[in-house]
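A note on names: the letters A, B, ... follow the listed sequences, proteins ahead of strands, and every chain is numbered from 1.
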Amino acid sequence: MAVIDVPRKRGTSHGIFRRRPFFTLACLVVLFFIACAAFASWIAPYDPLAQSIDAMMQPPGGDHLLGTDSYGQDILSRIIHGARYALLIGLGSVLLGATGGLILGVAAGLSKGWVEWVLVRIIDAILALPSLILAVAFIALLGQGVDKVTLAVGLSMIGPFSRTVRSDVLQVKSQLFVEAAGLMAIPRLHIIRRHILPNIIFPLCVQVTVRVSEAVLVSASLSFLGIGVTPPTPDWGLMISEGRGFVSFAPWMSGMPGLALAALLIALAIMGDGIREEYDPKLRQGR
Amino acid sequence: MLAHIGQKVAQTFAVLLIVSFASFALLKLAPGDPVVLMLGSEFSQETYDDMRAQLGLDQPFLAQYVQWLGDFVTGHWGTSYVGRADIYTYVVHEALPVTLTLTAASIFLALLIGVPLGVISAVRKDGVLDTVVAAGALTLTAFPSFFLGILLIWFLAVRFGLFPVMGFVPPWQDFAAGMWHLALPALTLSTFFIGMIVRVTRAAMIEVMEQPYIASARARGEPQWRVVWVHGMRNIMMPLVTTVGLQLGGILQGAVLTETVFSLPGLGQMLTNAVLGREYVLVQAGVMLTALMFIFVNLLVDLSYPFLDPRLRTR
């Protein structure tokens with residue numbers, strides 16, 4: 001077993017929370033959203049899909065804490081249930097992208113000659129398209145819906161993942177223990193499984209946490225464009241888009257879900273930044 | 001150096017081929033039969049076969065690809081099913097200039113705001129301003145741009161009536177009105193990029209400030225502003241240009257959203273409508289164009305390095 005020994009120079013896993021107050025706060029915000037998503041049916045005061053003609057576009061306060069939208073649906077309940085979709089789609093697509101990127105990146109990192117050249121060009125070609133444009137193209141093929149958005153966003157994230165995986169593989173491949181294993185005539189698949197994979201899994205996990213926010217943003221963007229999740233699903237992007245036409249007299253309609261989305265994205269960014277600075281060996285050595 | 005340029009161009013060409021092949025495959029994978037779409041509901045088998053042969057759909061896959069690639073390069077992009085308009089004219093002459101204007105204005109704005117902020121926080125490293133700017137940069141990078149656009153519309157356009165809510169006026173026809181209409185969209189689109197520019201400038205400047213030539217400039221008694229803005233600035237050009245090139249994709253993706261928020265008739269709106277109307281030819285044109293711009297700009301960035309850093313010219 002040859003895992004490069006990452007020197008944990010500063011304290012225990014608890015230390016990071018004491019040293020980084022903003023990171024801790026961000027983690028708490030993310031945890032809060034996860035709790036909302038997990039217990040949505042118990043926390044939400046109303047049914048997120050219940051429409052009511054009597055309670056259309058009510059301002060925040062009173063019976064409806066965050067107001068109601070143009071169908072009389074309770075915005076707070078929709079935001080709580082929306083956390084479920086944001087996190088499910090975000091996590092699902094990132095894991096999908098990481099798996100695809102792992103396969104493509106390992107293949108490109110281990111191959112030689114013209115196969116390597118072609119694989120690297122393929123990764124370059126995927127990276128030539130920003131993830132939202134790529135996701136739009138996949139949506140055009142797949143159609144709309146929660147599962148399709150997850151798939152489209154996941155596929156669009158393979159490019160960046162495969163690039164980082166490839167550079168990690170190249171780094172590990174040049175280590176002495178891999179060379180030694182090769183000289184000992186250990187089968188190639190065995191070397192990949194025992195020596196290479198364990199060393200690239202950890203940086204990949206760091207990448208996954210860093211990129212969750214991107215996945216959440218892209219999926220919300222698709223819904224905002226009107227080509228992602230279909231109404232009446234309580235999706236934040238969709239809610240922001242629906243409230244856009246009423247911004248002059250009912251700003252809370254897009255304002256409330258927008259604030260929720262912004263809070264989650266900023267918290268995820270701070271969390272990702274903290275994790276990367278703490279565990280990414282490239283960053284820690286001061287580059 | 002010529003060999004280096006040749007290698008870069010060959011790689012770019014290969015990437016372009018792969019992208020074009022993938023976007024052709026997108027057309028082929030798209031659900032629905034284009035012949036049925038062209039002919040409508042009633043037709044005989046004979047007219048169907050005629051139309052199929054006329055469109056070249058009875059040819060083998062690779063032959064169709066070569067035919068399509070030739071048509072694409074020569075600007076024969078076909079006709080939109082819905083609008084019945086020539087796609088090349090629509091996309092390149094109408095939608096593209098809008099997106100390019102917005103993108104250029106945003107990059108300009110981001111550099112104008114981001115570079116000085118980054119330089120100042122690098123020079124006053126770990127100061128109060130540095131901390132505030134760093135926190136601001138992180139927040140700006142993470143903030144969803146389309147929501148920011150809506151907030152700007154609500155505050156600056158609706159509440160205070162300072163800016164128009166939406167619409168596009170070409171700056172080459174009426175510069176003042178064009179800029180006035182462009183102000184909010186460009187600000188919206190540039191925010192995430194400002195955050196990124198600040199971070200890159202700061203990191204690069206901190207590294208440059210530790211170099212011997214900076215110490216030597218100081219030893220010669222050059223004033224602080226000359227040390228930072230002349231000696232320092234010149235040496236952070238490369239990371240800055242690289243960031244602009246690599247983030248162009250991010251800006252184009254932001255442009256899609258910003259155009260939707262402000263109802264600008266650019267590539268983003270075209271793409272969204274194309275997906276909703278199931279016009280795969282338009283989707284494919286948008287994808288190709290985005291990739292072309294990204295690849296071309298990054299080739300330029302690669303080739304500009306020897307001009308920005310004389311040390312690279314000898315290699």
With a 4.5 angstrom heavy-atom cut-off, is it the side chain or the backbone of [X] that approaches chain B, or both, or neither?
X	answer
A:L129	side chain
A:L268	neither
A:S131	both
A:A267	neither
A:S221	both
A:I270	both

Highest number of heavy-atom pairs under 4.5 Å with chain B: which of [options]?
options	result
A:A140, A:G243, A:G255	A:A140
A:G143, A:A137, A:P251	A:P251
A:I227, A:L127, A:V136	A:I227

Any heavy-atom pair between the side chains of A:D124 and B:Q11 that's under 4.5 Å? no
Check whether any side-chain heavy atom of B:F147 sits under 4.5 Å from a side-chain heavy atom of A:L259, and report yes or no. yes
Taking every heavy-atom pair that is under 4.5 Å apart, which of B:T12, B:L26, B:L276, B:I295 has the most such pairs with chain A? B:L26
If you tally heavy-atom pairs under 4.5 Å against chain A, which of B:G250, B:A274, B:A142, B:P144 wins? B:P144
Applying a strict 4.5 Å limit to non-hydrogen atoms, the region of B:V283 in contact with chain A is side chain
Is it the side chain or the backbone of B:L29 that comes within 4.5 Å of chain A heavy atoms, both, or neither? both
Would you give the length of the straight line joining atom CD1 of A:I266 to atom OG1 of B:T139, rounded to the nearest 0.5 angstrom? 5.0 Å
Mind running side chain to side chain contact (heavy atoms under 4.5 Å, CB included) on A:L225 and B:F146 for me, showing each step along the way? CA-CA 10 Å; A:L225 291 175; B:F146 54 94; over 6 Å; no
Passes side chain to side chain contact (heavy atoms under 4.5 Å, CB included), B:T272 versus A:F224? Steps please. CA-CA 11 Å; B:T272 318; A:F224 175 76; over 6 Å; no
What verdict does the side chain to side chain contact (heavy atoms under 4.5 Å, CB included) test give for B:L257 and A:L132, after you've listed the backbone C-alpha separation in whole Å, the side-chain angles of each residue and the deciding distance to 0.1 Å? CA-CA 10 Å; B:L257 294 163; A:L132 179 64; 3.9 Å; yes
A:L265 vs B:F143, test: side chain to side chain contact (heavy atoms under 4.5 Å, CB included). Steps then yes/no. CA-CA 7 Å; A:L265 286 177; B:F143 206 87; over 6 Å; no
Nearest atoms (heavy-atom pairs only) where A:R244 meets B:T260: NH1-O, 3.0 Å
Write out, in numerical order, the residues from residues 14-22 of chain B with a heavy atom short of 4.5 Å from a heavy atom in chain A. B:A14, B:V15, B:I18, B:V19
